[in-house]
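Have a look at the structure below, then the notes.
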Amino acid sequence: MTDISVQIADGEAVRLPGGTTVREALEKLLSGKQRKRTIAATANDAAVDLSRPLTEDTKLKPIQIDTPEALEILRHSTSHVMAQAVRQLFGPGVKVAIGPAIENGFYYDFLRDEPFSPDDFAAIEQRMAAIADQALPFIRSEQPRDEAIASFREQGEKYKVELLEELPVETVSVYQLGDFVDLCRGPHLPDTSWVKHFKLLRVAGAYWRGDEKRDVLQRIYGTVFFDQKALSKHLNHLEEAKKRDHRRLGKELQLFTVSDQIGPGLILWQPKGAQLRRLIEDYWKDEHYRHGYELLYTPHIARQDLWKTSGHLDFYAENMYSGMEIDEVKYQLKPMNCPFHIGVYKSDKRSYREFPIRWAELGTVYRYERAGALHGLLRVRGFTQDDAHIFCREDQLDDEIFNILDLNLHILKTFGFSDYDIYLSTRPEKSVGSDDIWDNATSALKKALDKAGLGFIVDPGEGVFYGPKIDIKIKDQLGRSWQCSTIQVDFNLPERFDMTYTGSDNSEHRPIMIHRALMGSLERFVGVLIEHYAGVFPLWFAPVQARILNITDDQVDYGERVYDELRKAGVRVEKDLRNEKLNYKIREAQLGKIPYMLIIGDKEKADGTVTVRLRDGKNLPPMKISDFAAKVTDECRAGRGL
RNA sequence: GCUCACGUAGCUCAGGUGGUAGAGCGCAUCCUUGGUAAGGAUGAGGUCACCGGUUCGAAUCCGGUCGUGAGCUCCA
């Protein structure tokens with residue numbers, strides 16, 4: 001074979017005999033230290049194994065262990081190691097499906113009659129460790145597709161056969177790991193010795209190819225890192241997420257509950273949760289009023305005909321609850337608020353002079369969610385949207401969207417979210433309206449994002465049937481994303497409801513409608529807030545701001561007085577005047593994550609003061625009751641960005 | 001909805017192979033009156049999710065219902 005030229009990045013090209021492997025080439029081009037960190041490479045931008053022979057002039061880029069690419073390869077390879085371990089332990093009767101790397105680890109899907117249980121994990125992990133100790137090489141080979149199909153068919157690997165039959169290529173690659181051969185594109189680690197720091201996490205059902213009509217497989221999830229420190233860090237992260245679980249904290253802090261008797265996905269707000277919610281709602285209403293919105297209230301049910309007109313029965317019926325009959329007329333529970341706002345719009349003849357009309361409502365809607373999708377506050381069947389609809393002329397669209405975006409980010413920021421990803425979803429296949437009007441609306445959304453200096457990701461074809469939309473996914477303290485805000489342009493409903501306004505030309509025109517929700521739903525938003533703050537809420541929306549703790553029974557009367565005074569001053573205060581030791585009361589207040597503990601003993605009683613203990617254990621000097629109330633008021637104003 | 005697991009006092013959980021229930025926390029009463037993360041004693045709480053079956057006998061075994069949890073696009 002003739003010589004080829006091999007080059008790393010801008011480095012010097014070297015001439016090597018054709019057929020030289022990547023590993024051999026790197027020996028010529030990299031220091032030993034660099035080579036040790038290299039587990040694969042890209043050759044002319046295609047990811048390859050170190051064992052791959054080079055047959056043409058190549059630009060090589062080593063993939064080294066501190067990169068995301070390397071981690072992905074490690075995870076993918078580890079899934080193969082797990083599959084091999086499972087096969088060794090449970091025999092060839094277990095059929096393998098797919099085993100990719102995913103965001104924080106990997107999984108492999110198996111078909112097996114017996115269920116795996118987490119108790120099996122220890123054995124599988126042990127076997128995996130044994131495989132790692134053998135430093136088994138991942139041996140790549142190519143074979144004609146037909147041959148591969150025949151071979152996998154013989155082994156009864158029906159999933160592999162199906163995958164192969166759909167591959168539009170002549171030649172496929174397979175990897176051999178000991179006695180386990182798997183169809184795989186690669187690349188893989190050079191050998192299994194890298195697979196040291198892993199952990200199997202859970203097992204769950206998954207459909208073959210995500211299709212619920214097809215086989216149910218067992219999916220084992222795991223994670224792996226190049227070093228123990230990173231693995232520990234990730235496991236701690238999972239622990240931390242568990243501690244912040246809003247369902248646990250919601251119970252501990254007595255915020256909300258769900259009851260079998262009442263029904264799944266239906267939230268009961270306990271007093272403290274209701275207080276928290278009220279504070280959010282009040283802030284939201286004030287802020288909307290300040291930004292030119294009017295508030296509406298609308299009913300929970302409407303005649304079925306309304307939902308025919310709106311198109312919900314055509315496009316949304318599977319999410320709606322079946323109707324009820326009232327005086328022989330059919331009614332249905334609302335899944336959205338928009339038709340009601342249109343009802344308000346149509347209560348009067350509208351002029352262009354009124355525009356833009358901005359109407360907001362905390363509207364409670366009901367939607368059918370699959371039983372398996374329900375999750376605490378984050379996925380429910382009855383929830384309150386912080387909804388608003390804006391009716392405007394086309395020439396007002398740009399400004400309105402910009403203003404919404406501005407208010408949106410302002411409100412999120414006040415709640416402590418300033419990190420987010422923004423998505424712009426464009427026209428889906430099944431949709432209404434002309435191309436022109438879609439283009440206009442989409443460009444209005446784009447323009448607003450540009451004007452606000454916000455980067456965004458285009459989600460092609462993911463718009464709603466009636467118009468394009470902007471979605472904002474906020475990131476919490478742990479870096480997890482939550483979809484809350486959405487801004488949607490709609491030219492369908494104005495048409496369906498024959499909405500009009502009188503223009504300056506004294507003729508009738510069609511308004512444009514914008515739907516938007518900032519927090520998404522109160523339920524979900526509170527759930528996200530709980531996890532974001534781990535239940536340690538900022539003073540301004542902490543359901544309880546202060547708790548009075550007396551030292552002995554001698555200060556009970558004084559405690560009652562402090563309580564009355566602070567409550568009258570608008571401080572959300574509780575009293576713990578029980579006959580218990582101070583340590584005990586402090587512990588309980590601390591676990592209740594209450595911002596201020598007001599300690600009163602004989603000194604405070606004599607001076608008319610309270611000693612303030614903070615959540616971090618520090619004390620403020622004693623202060624007058626009225627001074628404490630003023631301090632709380634000030635801090636709340638600051639918290640609300642006033 | 002589907003797969004698997006789970007459902008015992010208000011909460012967190014124990015209860016090999018069937019013989020009618022237990023702990024800690026919380027709650028109540030009493031003792032104690034103690035200055036910065038759990039003082040002590042006594043006591044009240046349970047149709048063992050619900051319905052049915054097997055059995056002399058079921059929290060325990062079987063079936064069903066309800067509920068909860070994990071997961072169900074991410075290219076071999």
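Throughout, a chain's letter reflects where its sequence line sits, starting with A, and its residues are numbered from 1. All values below come from the heavy atoms of this structure, side chains included, with hydrogens, waters and symmetry mates left out.
Within 4.0 Å (heavy atoms only), Phe152(A) reaches no atom of the nucleic acid at all. Ile551(A) comes within contact range of at least one nucleobase, with a heavy-atom separation under 4.0 Å. Looking at heavy-atom distances under 4.0 Å, Glu157(A) makes no contact with the nucleic acid at all. Among the protein residues, Arg214(A) comes within range of no part of the nucleic acid, since none of its heavy atoms lies under 4.0 Å from any strand. Residue Ile98(A) is in sugar-phosphate contact alone, with no base atom involved, counting any heavy-atom pair closer than 4.0 Å across all strands shown. Looking at heavy-atom distances under 4.0 Å, Arg202(A) makes contact with sugar-phosphate atoms alone, never a base. Using a 4.0 Å heavy-atom cutoff across all strands shown, Arg578(A) reaches sugar-phosphate atoms only and no base atom. Base engagement by Lys603(A) is indicated by at least one non-hydrogen atom pair under 4.0 Å involving a base atom.
Electrostatic pairing of Asp109(A) and Arg219(A) counts as a salt bridge here, judged by a charged N lying under 4.0 Å from a carboxylate O. We find that Glu162(A) and Arg214(A) are joined by a salt bridge, their nearest charged nitrogen and carboxylate oxygen being less than 4.0 Å apart. By the 4.0 Å N-to-carboxylate-O rule, Glu531(A) lies too far from Lys243(A) to be salt-bridged with it.
Projected onto RNA chain B by closest heavy-atom contact, Asp554(A) and Val258(A) fall at different nucleotides, the more 5' of which corresponds to Asp554(A). Comparing Val216(A) and His375(A) by the nucleotide of RNA chain B whose heavy atom lies nearest to each, the residue mapping closer to the 5' end is Val216(A).
Glycosidic torsion of G45(B) falls within 90° of 0, placing the base in syn.
When the side-chain nitrogen and oxygen atoms of Arg247(A) are compared with OP1 and OP2 of A70(B), one or more of them lie within a distance under 4.0 Å. A close approach under 4.0 Å does occur between a side-chain nitrogen or oxygen of Tyr107(A) and OP1 or OP2 of C74(B).
The two residues Gln555(A) and Ile600(A) make their nearest non-hydrogen contact at OE1-O, 3.4 Å.
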- Query: Once Watson-Crick and G-U wobble pairs under 3.5 Å are found, how is RNA chain B written in dot-bracket notation, 5' to 3', with | for any base paired to another strand?
  - Reply: (((((((..((((.....[..)))).(((((.......))))).....(((((..]....))))))))))))....
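As rounded to the nearest Å, G10(B) and C30(B) have P atoms that lie 24 Å from one another.
Checked against G67(B), G35(B), C11(B), the side chain of Lys251(A) finds its nearest nucleotide in C11(B).
Aromatic ring orientation, His80(A) versus His76(A): perpendicular (interplanar angle above 60°, classes split at 30° and 60°).
Judged by distance alone, the side chain of Ser77(A) and the main-chain N or O of Ile73(A) form a donor-acceptor pair under 3.5 Å.
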